Each structure stands twice: as C-alpha cells, then as structure tokens.
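Everything on this sheet refers to the single structure shown next.
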2 protein chains.
Amino acid sequence: MDKSKILVVDDESRMRKLVNDFLSRAGYTVLEAGDGMQALEVYASDKSIALIILDVMMPGLNGWDTLESIREMSSVPVIMLTARSEEQDELRGFKLGVDEYITKPFSPRILVARVDAVLRRSASTQSEQHDIGGIVIDKSAHRVTVDGREIDLSFKEFELLVYFVENQGIALSRETILNNVWNYNYFGDSRTIDTHVKKLRSKLGEKGDYIHTVWGMGYKFEAVR
Amino acid sequence: MDKSKILVVDDESRMRKLVNDFLSRAGYTVLEAGDGMQALEVYASDKSIALIILDVMMPGLNGWDTLESIREMSSVPVIMLTARSEEQDELRGFKLGVDEYITKPFSPRILVARVDAVLRRSASTQSEQHDIGGIVIDKSAHRVTVDGREIDLSFKEFELLVYFVENQGIALSRETILNNVWNYNYFGDSRTIDTHVKKLRSKLGEKGDYIHTVWGMGYKFEAVR
DNA sequence: TATTGAGTGAACGTTCTGTGAAAACTATAG
DNA sequence: CTATAGTTTTCACAGAACGTTCACTCAATA
C-alpha cells in the first residue's frame, strides 16, 4: 500500500511543522497550506489527497468557510483542529461531514490514531486489534487481555502500552516516549514514565518483562524474555 | 448483498445533502430530487429504488400529493420527513402506506436506524429484537425486559440503551454518543450522558454494570461483569 | 568503589465520574 | 390556556481514580 497524502492547513507554521513531523514519521506524505485560500488551491490541483486536517481558527478564510468550499468540489475526509476553549460548532460540522475533531493540545499518538482511523474508515470498516505473545489489545474496545484474562489499565497506561506495541523491537528513549504519548506541550519529569512502566509491568504479570529496560537509554518492547 | 438505492426528496438542498451524507456513510446509494415532480420522474425511470424519503412540506407538489402519485405506480416503502410543528396527518399516512415518520430535527442514528428497519421489514416480516445477557429489547414495541421483568424506560434512556447494545464491546466517547443518540443540532453538556447512564444502570438492576465506565474516555457496553 | 541510572512505594494535587436535587423543558389532560 | 406530571438537562459537590513527583533503595557500569 502506498502512502496516503494528507493536507495540513493551519496559519501557525509551528503547528503545521509539528503535525507534519508526526504524520511523516507515521509514514504519510504531508502537504501544507498556511491559509484557507491556499488550501483550496492545493486541493484543487491535487485531488489525490486522501485527508485534510483543518485548523478552525485562521485569519481570512476560517476552517469552516474553507471546508464549505472544499465540499463544493469533493467529499474528501476532514479532521478539524480546535482549541479546547473554542466551541465546537457540531451542527455545522455534521452538515459539512466532518469526520473527526482533534482538540489542541493533543498527543502525537492521538493525532496519528485519528488519522489512521479516518482513513481506515473511509476505506473499509475494520476493527483494529493487536496480538503479541499472548497480549491482545483491542483498541476500539480499549481493552487488553493477557493470556485470555482481561486486565484493567488506566488511560495513560493503555496509551503507553499501545505505543510500545506499535514500536516493537525499537529502543525508545524517555524523551521520544514523552513526545509521542504525552501532549506535545508537556514539560514534566521523564521519570513519570518509569512509574507507568512499573505499573504496566506489574499489571501484565509475567508478560511484564516484555518491556525491557535499555540501560542508559530508555525502554524497548519485545515479546521475549 | 448490494447497496439499496434510496431516493431523498426535499426542496432544501442542505437537508438533502445531510441525509445523503448520513445514508451514504451507512452504505446506501442515494438519489436526490428537489421537488415532487422530479421525484416522480426519477422513480418512474428507476423502479429499483428500495425506499423513498419524502419531505412533507415542499412548494409545488407537497409530500402527500407526491406520495399519492407514487402509490399509483408502486407500493415502495416510504418514510415521511416532518417538522416538529407540522401536524402528522396520520390517517392520510396510514391510507397511503407510510412506513415511518421522522421528525426534524433528527439524529443520524435515528435516520439510519429507521431506514434500516424499514428496509429490513420490507424484506422480511421480522420485528427487530435484541437479546443480550438477559436484557431483551424489542425495538418496534419500544419495550425492554430484564430477566423477563419489563422495565420502564424513558425515550432517551431507551435510545441510549439501544445504541449501547448495537455497539457492544466498543468504548464510546461522550462525544460519539452525543453525535449519534442526540439530535445533530444538540449543543448541550456531555455530562448529561452521565445522568442517563446513572438512571439506566439503576433501572437495569444488577445488569446495570453491563455499562462499563472507561475512565478518561467514556462508556462501553459489555454483557459481563 | 564511585558514579550514574533505574526500581519502588508513598504522598500529593489534579482530573474525572457518580450522584442527588433543582431547573428547564415537553407532553398531556382538563 | 393552564395546570400537572413526566422527562431531560444542568449544576455543584463529594469521592474515586489517576498522573506526577519525590526520596530512597537497588543495580549497572567503568
């Protein structure tokens, strides 16, 4: 399968770059537009774009107006970026066929997960499930079973485990983990990861040592002892 | 099974588009007509249409007159779209074989559910019924029994329960629930869901904990403790 | 052995959920 | 049209679950 093309529309270049980074790393091809007009031009000249991520609050053509114009030419999937404080104009969104909302600030993991989900949905209707060495993760049900036994994970623990599993065999620094599982504007102590790892390990029982410590570096998930 | 073809008749293009969107996403093929005359033409030239959704209030031929003409050529299933204020001419509808009414505003869930129901009914004479772990839901009778004992649910409680049951095992955010169970133009507090969940849980008795809280996320229905 | 990093349990502050009651809204009957 | 009962929504508070930090201990490296 080839990489899907995604158009990111935001007036803040910092935000565009950020989203671009995350999506590029997730294997997508990313195009950027700094305002609504530019977005329309870009999309008009390249209808192979699979998904558009639209910031709501922009000078000139705002996200909604831009979307309205886009809808005149296509029903391409759209994700709206909103600030927490901004009211989500759900009615408008619904009518215009918004597929998802992402509230700033968001974690890269969530961004990528939503993008994946929307693209998957637009392709087919399939439920995402991982199964690694006896650990079964059902993302849609937000459920994890170890050797058939369901275990109870908190939100962050779940997010962290999913991140580990989706990056099996790769040594991940605390920095990297923080950047991907936590919000991009998180500035806390990276040792908080240790605490979550501890809890994860204990909740995973004997499968807990699939989470390997890479001394002086970080952690690595691998389904072996 | 191939997609059923549905003809949507409404003078407001926005409304047509909206209904089209919802139904397309649900996997139906949608045709549109902007007035009664056009509807008659479209239907006359394509009798493979499985269902017609008719707005009552239209300039020119109104919904009723249009339906009358349609009935001269076919007994195709029909759903009438009415505004809350408009009186539902039930007698007339009954005589003309109206299958369902949908009152504006409606939620996507209701639209798709009614369409599904009508088409299913028109295919076989089966009444829609769920039976999950002792909870029996008769959708057409709008009745719920728990371990054989009938319980009394309000409209919203019923809708919510049905939505949960039809999405078993999936963690549903409040956002998602609001979008699907409430009207598309609902702007309220998502905590209202908590209140309904509370009442549902208590009315379901010990089966109440089939509704699981997914902390930091939403709720999930699962017929286990 | 000295130094640096990791494991751990407890404590704290934060965020989210459960809940009852009040308010707003609807439908119904008089 | 008004009163009334029932339903839905909002609100505020209490309590639970969670995320984070900290101080300490233990382990790895050189």
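Below, chain A is the first sequence line, B the second, and so on; all start at residue 1. Please read these numbers as outputs of a predicted model, since none were measured by experiment.
Separating the NZ atom of A:Lys203 from the P atom of D:dG19 is a distance of 8 Å, rounded to the nearest angstrom. Distance, A:Leu153 CG to D:dA17 P: 15 Å, rounded to whole Å. If you measure from atom CD1 of A:Ile177 to atom C1' of D:dG19, you get 16 Å, rounded to the nearest angstrom. At whole-Å resolution of the value, CD1 in A:Ile193 and C1' in C:dA6 are 13 Å apart. In this structure, A:Met217 atom CE and D:dA27 atom P are separated by 24 Å, rounded to whole Å. A:Asp194 has its CG atom 15 Å from the P atom of D:dG19, to the nearest Å. If you take CG of A:Leu200 and C1' of D:dG19, they are 13 Å apart, rounded to a whole angstrom. In this structure, the CG atom of A:Asp152 is 13 Å from the C1' atom of D:dA16, given to the nearest Å.
Residue pairs meeting the salt bridge (charged side-chain N to carboxylate O under 4.0 Å, His left out) criterion with at least one member in residues 180-200 of chain A, sequence neighbours excluded: A:Arg174-A:Asp194, A:Arg191-A:Asp194.
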- After noting the C-alpha distance and the side-chain angles of A:Ile135 and A:Val144, does the key distance pass the side-chain contact (heavy atoms from CB on, under 4.5 Å) rule? CA-CA 7 Å; A:Ile135 301 179; A:Val144 177; 4.1 Å; yes

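For A:Trp182, a side-chain nitrogen or oxygen approaches OP1 or OP2 of D:dT20 to under 4.0 Å. Note on B:Arg201: every side-chain N or O is 4.0 Å or more away from OP1 and OP2 of C:dT19. Proximity of A:Tyr186 to the phosphate of D:dT20: a side-chain N or O atom is located under 4.0 Å from OP1 or OP2. The phosphate of C:dC16 has neither OP1 nor OP2 within less than 4.0 Å of any side-chain N or O from B:Tyr219.
Not a single donor-acceptor pair, N or O on each side, falls under 3.5 Å between the base of C:dT19 and the side chain of B:Thr195. Side-chain atoms of A:Arg191 stay outside donor-acceptor range of the base of C:dG5, with no qualifying N/O pair under 3.5 Å.
For the atom pair CG (A:Leu51) and CG (A:Leu7), the distance works out to 9.0 Å, reported to the nearest 0.5 Å. Distance check: A:Glu222 CD to A:Tyr210 OH gives 11.0 Å after rounding to the nearest 0.5 Å.
Of the candidates D:dT21, D:dT9, C:dT17, D:dT21 carries the atom nearest the A:Asp189 side chain, counting heavy atoms from C-beta on.
Nearest-nucleotide mapping onto DNA chain C: of A:Trp215 and A:Lys198, the residue sitting toward the 5' end is A:Trp215.
Within 4.0 Å (heavy atoms only), A:Thr192 reaches at least one base atom of the nucleic acid. Among the atoms of the strands shown, none is found under 4.0 Å from any heavy atom of A:Phe187.
The pair B:Lys139-B:Glu159 fails the salt-bridge criterion, with no side-chain N (NZ, NE, NH1 or NH2) lying under 4.0 Å from an Asp/Glu carboxylate O. In this structure, B:Arg16 does not pair ionically with B:Asp11, as no charged nitrogen and carboxylate oxygen lie closer than 4.0 Å.
In this structure, B:Phe158 has its ring center under 6.0 Å from that of B:His142.
Annotation: side chain of A:Asn20 is not in contact with side chain of A:Ile6 (no heavy-atom distance under 4.5 Å).
Near DNA chain C, defined here as any heavy-atom distance below 4.0 Å, there are no residues from residues 154-164 of chain A.
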